[in-house]
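The chain is numbered in sequence order, starting from 1. Note that ligands are numbered from 1 as they come in the structure, with each ligand's atoms numbered from 1 the same way.
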Amino acid sequence: MSKLKYESPIIKQINAGITSKFGELNSLKPTTHIANVSVKGMIEEYGSPLFVLNEQTIRNTYQDAYHAFSTRYPNVQFAWSYKTNYIEAVCKVFHQEGAWAEVVSGFEYKKALDNGVPGDKIIFNGPDKSDDDLKTAIDNNSPIHIDHFDELYSLILLTEQLGKRAKVAIRVNMDTGIKPLWDRFGFNYENGQAWEAVNKIIYSKNLDLIGFHTHIGTFILDPKAYGVAASKLAKLAISVKDKYKHDIQYIDMGGGFASKNTLKGSYLSGTDLAPSFSDYADSITQALLNAGFSTEDLPLLILETGRALIDDAGSLLGTVLANKRLSTGRRSMIMDFGVNTLFTSFWYNHIISPAQECSLYTEDTIMYGPLCMNIDIIRESINLPPLNKGDHVVVHRIGAYNMTQWMQFITLRPKVVMIDTKGKPHIIRKEETKNYVSELEVTPNYLNSFDL
Ligand SMILES: *Cc1c(COP(=O)(O)O)cnc(C)c1O
């Protein structure tokens with residue numbers, strides 16, 4: 001046997017995601033079109049980065065969700081969670097589909113009124129409702145979901161001062177097996193706080209208790225938790241009937257269904273993990289139908305689903321600013337969008353595909369945004385083929401929370417376009433301008449002159 005040739009040992013850093021030093025076969029197909037509209041064409045016309053929403057996907061997803069519930073339960077109502085995406089055109093697509101509005105601030109409440117939603121179809125949630133907000137909601141006959149005792153006392157005082165009645169529900173938090181417990185919102189079920197609130201409302205002069213509400217968390221991957229929550233709310237409703245002969249009109253199960261995004265740290269992809277609308281609907285409707293309501297007392301089931309209804313419909317188009325080798329030899333890319341634009345990159349590993357034909361071989365890459373800030377990382381590790389400066393990418397499933405949580409930090413927010421069901425793009429939010437930001441600033445006159 002001949003002696004093997006000596007090779008000196010080398011130390012090579014392994015980065016998560018890399019399969020071999022040759023890279024891996026790229027299974028990502030380029031996304032050249034969205035709803036048959038060219039990505040490149042849209043960037044040429046509207047600029048980069050660019051948010052794109054697909055109206056048909058919004059409508060299809062809504063109808064899937066609605067049918068999952070309405071085929072299992074006789075009386076179902078969705079209310080669009082404004083904070084998930086409150087661009088007017090988006091809200092109006094949901095309102096056209098039949099969704100009410102669900103708002104969590106005075107600002108969102110006014111947006112819903114301006115959008116033409118009747119007051120009695122605006123559900124007012126959240127811990128921050130000023131007296132003025134509450135007065136507006138009372139005047140408009142909106143269901144007010146009380147979050148804490150101080151809000152309850154304010155309502156009792158306000159209705160007395162105004163000489164008007166208010167329609168109220170309480171938000172209830174409870175142990176559903178999901179950790180952490182969101183007990184900072186609403187009244188606790190297990191320790192009797194929820195009952196205490198019920199008693200106070202029933203004995204108050206001007207408040208009508210019409211419902212029970214919960215929102216057990218967000219991105220809940222276990223549909224069974226909803227069954228537990230629905231049973232507990234149903235039990236409250238039935239006990240109110242037994243004790244006070246008072247009918248509860250609705251049970252509102254809040255939002256929190258997972259979208260198909262992949263959470264950071266998750267081993268399996270979101271498309272494999274996320275339960276379907278039918279899974280959630282099975283769990284909730286079985287619990288309500290089994291709870292012991294008489295047929296004529298079966299409450300309306302309200303759902304405030306946010307992210308699961310809109311994530312899929314949104315894409316962010318962007319452009320490569322530069323490629324760079326880090327000192328470790330690792331490949332990095334700088335994009336024209338960062339965490340300012342794509343806020344959800346803090347908790348999702350978004351799927352990102354090239355927008356043009358590309359090589360089959362990929363390399364582990366760290367994808368940076370353009371901000372002068374070390375935390376501006378879109379993906380810590382993503383396998384991408386070589387892309388050149390000026391090439392485009394499409395970030396998928398970004399419809400939820402980005403167009404409300406985006407930050408105006410060192411630069412301006414880009415345009416948002418919606419492709420209608422006939423394939424025609426419409427600008428639904430213009431890009432911001434420098435004046436839009438500076439017109440709010442007021443400079444005392446003595447600061448206006450300086451010599452440099
Ligand atoms: C945020 C929120 C929702 C929507 O939550 P998703 O997780 O996006 O479905 C619904 N109801 C309330 C009270 C909320 O705060």
Any N or O of Tyr401 closer than 3.5 Å to N or O of ligand 1: yes
Taking distance alone, with N or O pairs closer than 3.5 Å, would you say Arg307 contacts ligand 1? yes
Decide yes or no on ring pair (Phe, Tyr, Trp, His ring centres under 6.0 Å) for Tyr109 and Phe124, but give the supporting numbers first. CA-CA 7 Å; Tyr109 186 93; Phe124 201 173; 5.1 Å; yes
Tell me whether Gly256 has any N or O atom under 3.5 angstrom from an N or O of ligand 1. yes
If we number the atoms of ligand 1 from 1 as shown, the ones under 4.0 Å from a heavy atom of Arg171 are 13 (C)
Can a donor-acceptor pair be found between the side chains of Ser438 and Lys434 at a distance below 3.5 Å? yes
Quick one: look up the protein heavy atom nearest atom 11 (N) of ligand 1 and list residue, atom name and how far away it is. Glu304 OE1, 2.6 Å
For Thr84, the atoms of ligand 1 under 4.0 Å from one of its heavy atoms are 8 (O)
Select one of side chain, backbone, both or neither to describe which atoms of His215 lie under 4.0 Å from any atom of ligand 1, heavy atoms only. side chain
Specify the protein heavy atom at minimum distance from atom 14 (C) of ligand 1: its residue, its atom name, and the distance to 0.1 Å. Lys83 NZ, 2.8 Å
What protein heavy atom is closest to atom 7 (O) of ligand 1, reported as residue, atom name and distance in Å? Thr218 OG1, 2.5 Å
Do Asn125 and Glu102 have side-chain atoms, one donor and one acceptor, less than 3.5 Å apart? yes
Among Ala308, Ser81, Pro127, Ala79, which residue places a heavy atom closest to atom 4 (C) of ligand 1? Ser81
Nearest heavy-atom neighbours spanning Arg397 and His350: O-CE1, 3.3 Å
Centre-to-centre under 6.0 Å for Phe346 and Tyr401, is that the case here? no
Please determine whether a side-chain nitrogen of the Lys or Arg among Lys164 and Asp139 lies less than 4.0 Å from a carboxylate oxygen of the Asp or Glu. yes
Ion pair check, Glu431 and Arg413, cut-off under 4.0 Å: no
Is the shortest N/O to N/O distance between Gly306 and ligand 1 below 3.5 Å? yes
His95 ring center near Trp80 ring center (under 6.0 Å): no
Examine ligand 1 and decide if any of its atoms is less than 4.0 Å from a heavy atom belonging to His145. no
